[in-house]
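Start at 1 and go down the list; that is how both ligands and their atoms are numbered.
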Amino acid sequence: MRGLEGKGVLIVGGTSGIGLATARRFLEEGSRVFVAGHDEAELKETRATLTELGAIDGLVGDVSVEDDVETIVRGATASLSRIDVLINNAGVAHKAPFLETATEAWDRTIAVNLRGMFLVARAVGRLMAADGAGGAIVNMASTNALGGEELYTAYNASKGGVLQLTRTMAVELGSAGIRVNCLCPGFIDTPLNRGLEDETWIRTYEREHIPLGRRGRADEVAAAYAFLASEEASFIHGAALVIDGGQTAVM
Ligand SMILES: NC(=O)c1ccc[n+]([C@@H]2O[C@H](COP(=O)([O-])OP(=O)(O)OC[C@H]3O[C@@H](n4cnc5c(N)ncnc54)[C@H](O)[C@@H]3O)[C@@H](O)[C@H]2O)c1
């Protein structure tokens, strides 16, 4: 894809699932990659797996903690010289009926998925705006930003927030040459939802809800990240790109 070779790419939530596939994709495009994640072992494994593809470095931290975010962004800047692309991907999911959603689970989901996304985007946006060289930021929302899936109150609310965060960032940062978009994937096969649903449930869900008849793969979302960060998307700004096998097209 045009415009990714040699670019410095920070992938937060880049050590598992979609983020890991995205790190692979950017390395294949010739970008230099810095990944951050919440788990030391996952980070080690990611670097060991991807190191043969190109320059990859990383740090562990919690995106809901402002000091951790500053450390990650400082580390990425030192490693990459400049962050040209931010893939703002870290997230968790919590499944519970609305009436039984515990306050702690609500707080944690919002803290990681919305506060974390804001802290990371603001830290990187400030750097991009300060040196005037622009950049591309892609936040991770979800189809759960577009409709209220049952049993996912906190997750839906957090992702709806990411959609509006993205639009507001686009409105304010466009004049600084910083393009901001978000992704809205549907059901993607990753450790996140493998931990929440069993295989029988997933098979039925694929048949009944997804016109393409299957869940998505992490590399199919990684391709969308690469596209939105690339020169091919130079006039795409403030958009929410749906990647869901047709799920939200169903009446
Ligand atoms: N899998 C899906 O069906 C799906 C669909 C739509 C959106 N998403 C979103 O895509 C993103 C990636 O999800 P995934 O399915 O690949 O999940 P995953 O669990 O495989 O990966 C999550 C990543 O986020 C990181 N992370 C989690 N909590 C963190 C924290 N507090 N601080 C820093 N990093 C943290 C993890 O270390 C990991 O790298 C999430 O934002 C998720 O909400 C997933």
Side-chain angles (χ1 to χ4, degrees), residues 10-25 33-47 49-50 58-73 75-76 87-95 107-121 123 138-147 149 152 154-163 165-166 182-197 202 205-206 209-210 214-222 224-225 240-245 247-248:
L10 168 59
I11 305 173
V12 180
T15 56
S16 171
I18 292 166
L20 176 60
T22 303
R24 176 182 293 280
R25 177 64 192 249
V33 170
F34 190 96
V35 290
H38 200 215
D39 185 282
E40 187 74 55
E42 256 180 30
L43 174 67
K44 213 169 152 205
E45 173 81 21
T46 298
R47 292 177 68 174
T49 311
L50 298 181
L59 267 181
V60 158
D62 183 338
V63 290
S64 70
V65 177
E66 197 164 350
D67 283 352
D68 284 15
V69 170
E70 293 299 330
T71 303
I72 288 166
V73 171
I87 301 298
N88 204 1
N89 179 72
V92 292
H94 177 73
K95 185 177 184 181
D107 286 347
R108 183 64 187 156
T109 308
I110 300 293
V112 175
N113 293 7
L114 187 52
R115 174 186 158 89
M117 195 124 322
F118 159 71
L119 290 175
V120 172
V138 191
N139 294 326
M140 175 53 92
S142 165
T143 46
N144 292 51
L146 310 173
E149 184 178 14
Y152 286 95
Y155 187 75
N156 296 343
S158 71
K159 294 302 187 179
V162 172
L163 179 58
L165 171 71
T166 302
C182 70
L183 297 185
C184 293
F187 198 105
I188 311 299
D189 187 23
T190 72
L192 182 93
N193 46 36
R194 266 180 242 141
L196 289 167
E197 317 289 359
I202 293 173
Y205 189 87
E206 289 174 320
H209 294 284
I210 307 175
R214 64 170 177 87
R215 71 202 95 170
R217 300 186 313 270
D219 67 282
E220 294 175 306
V221 182
Y225 265 138
L241 180 58
V242 174
I243 311 150
D244 70 348
Q247 184 171 2
T248 51

Discussion item. The test is side-chain contact (heavy atoms from CB on, under 4.5 Å); show your working for Thr143 and Phe187 and say whether it passes.
Written reply: CA-CA 9 Å; Thr143 46; Phe187 198 105; over 6 Å; no
Discussion item. Applying side-chain contact (heavy atoms from CB on, under 4.5 Å) to Leu20 and Leu50, what does each step give before you reach the verdict?
Written reply: CA-CA 9 Å; Leu20 176 60; Leu50 298 181; 3.9 Å; yes
Item to complete: Go through the steps to decide whether Thr22 and Asn89 satisfy the test side-chain contact (heavy atoms from CB on, under 4.5 Å), and finish with yes or no.
Response: CA-CA 10 Å; Thr22 303; Asn89 179 72; 5.8 Å; no
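Looking only at protein heavy atoms, the nearest one to atom 9 (C) of ligand 1 is Met140 CG, 3.4 Å. Closest to atom 37 (O) of ligand 1, if we only count protein heavy atoms, is His38 N, 3.0 Å. Ranking protein heavy atoms by distance to atom 27 (C) of ligand 1, first place goes to Gly91 O, 3.7 Å. Protein heavy atom nearest atom 17 (O) of ligand 1, with residue, atom name and distance: Leu192 CB, 3.3 Å. In terms of protein heavy atoms, atom 18 (P) of ligand 1 is closest to Ser16 OG, 3.6 Å. Looking only at heavy atoms of the protein, atom 14 (P) of ligand 1 is closest to Thr190 OG1, 3.5 Å. Nearest protein heavy-atom contact of atom 5 (C) of ligand 1 is Gly186 O, 3.0 Å.
Residues Asn113 and Ala90 approach most closely at OD1-O, 4.5 Å, considering heavy atoms. Annotation for Met140 and Val162: closest pair O-CG1, 3.5 Å, computed over non-hydrogen atoms. Nearest approach of Val60 to Leu43, heavy atoms of both residues: CG2-CD2, 3.7 Å.
Among the atoms of Ile18, some N or O lies under 3.5 angstrom from an N or O of ligand 1. Taking any N or O of Asn89, backbone or side chain, at least one lies under 3.5 Å from an N or O belonging to ligand 1. Taking distance alone, with nitrogen or oxygen atoms compared against 3.5 Å, Asn113 stays at or beyond that limit from ligand 1. Between Val92 and ligand 1, not a single N/O pair is under 3.5 Å apart. Between Asp39 and ligand 1, no pair of N/O atoms sits closer than 3.5 Å. For ligand 1, the polar-atom distance check finds no N/O of Phe187 at less than 3.5 Å from any of the ligand's N/O atoms. Of the N or O atoms in Pro185, none lie within a sub-3.5 Å distance of an N or O in ligand 1. For a threshold of 3.5 Å applied to N or O pairs, the pair formed by Ser64 and ligand 1 contains no separation below that value.
Each of the atoms 39 (O) of ligand 1 lies under 4.0 Å from some heavy atom of Gly14. Interface atoms of ligand 1 facing Gly17, defined by a heavy-atom separation under 4.0 Å, are 16 (O), 20 (O). Less than 4.0 angstrom separates some heavy atom of Ala141 from each of these atoms of ligand 1: 7 (C). Residue Ser142 has at least one heavy-atom neighbour below 4.0 Å for each of these atoms of ligand 1: 6 (C), 7 (C). The distance from ligand 1 to the heavy atoms of Asp62 drops below 4.0 Å at these ligand atoms: 30 (C), 31 (N), 32 (N). Shown in contact with Tyr155 at under 4.0 Å from a heavy atom are these atoms of ligand 1, numbered in order with element: 6 (C), 7 (C), 8 (N), 9 (C), 42 (C), 43 (O), 44 (C). Shown in contact with Gly13 at under 4.0 Å from a heavy atom are these atoms of ligand 1, numbered in order with element: 23 (C), 24 (O), 25 (C), 39 (O). Ligand 1 places these atoms under 4.0 Å from at least one heavy atom of Gly61: 32 (N), 33 (C).
With rounding to the nearest 0.5 Å, the separation of CG in Asn156 from CD in Glu149 is 6.5 Å. From Ile188, atom CD1 reaches atom CD1 of Ile243 across 7.0 Å, with rounding to the nearest 0.5 Å.
No part of Ala93 comes within 4.0 Å of ligand 1, judged by heavy-atom distances. Within the 4.0 Å heavy-atom criterion, the part of Asn193 lying near ligand 1 is the side chain and not the backbone. Looking at Lys159 against ligand 1, only its side chain comes within 4.0 Å, counting heavy atoms. When heavy-atom distances to ligand 1 are checked against a 4.0 Å cut-off, Thr15 comes that close through both its backbone and its side chain. Residue Arg108 touches ligand 1 through its side chain alone, judged by heavy-atom distances below 4.0 Å.
Judged by distance alone, with hydrogens and angles left aside, the side-chain atoms of Ser142 form no donor-acceptor pair with the main-chain N or O of Cys184 at under 3.5 Å. No donor-acceptor pair under 3.5 Å is formed between the side chain of Asp244 and the backbone N or O of Gly186.
Ligand 1 lies out of reach of Gly116, whose nearest heavy atom is not under 4.0 Å from it. Using a non-hydrogen distance threshold of 4.0 Å, Ala111 does not register as a contact of ligand 1.
Using the six-membered ring where Trp is involved, Tyr205 and His209 have ring planes that are tilted, between 30° and 60° apart.
With hydrogens and angles left out, the side-chain atoms of Arg108 and Ser64 include a donor and acceptor closer than 3.5 Å. Side chains of Thr166 and Asn139: a donor-acceptor N/O pair is present below 3.5 angstrom, by distance only.
Taking the side chain as every heavy atom from C-beta outward, Leu183 and Val138 approach each other to under 4.5 Å. Using a 4.5 Å heavy-atom threshold, the side chains of Ile11 and Tyr225 count as separate.
Looking at Arg217 and Asp189, no side-chain N of the basic residue comes within less than 4.0 Å of a carboxylate O on the acidic one, giving no salt bridge. Under a 4.0 Å N-O distance rule, the pair Glu220/Arg214 qualifies as a salt bridge.
The environment of Arg24 atom CZ is sparse: at most 12 non-hydrogen atoms of other residues, nucleotides or ligands sit within 6.0 angstrom.
Between the choices Asn139, Val35, Asp189, Val63, the shortest heavy-atom distance to atom 32 (N) of ligand 1 belongs to Val63.
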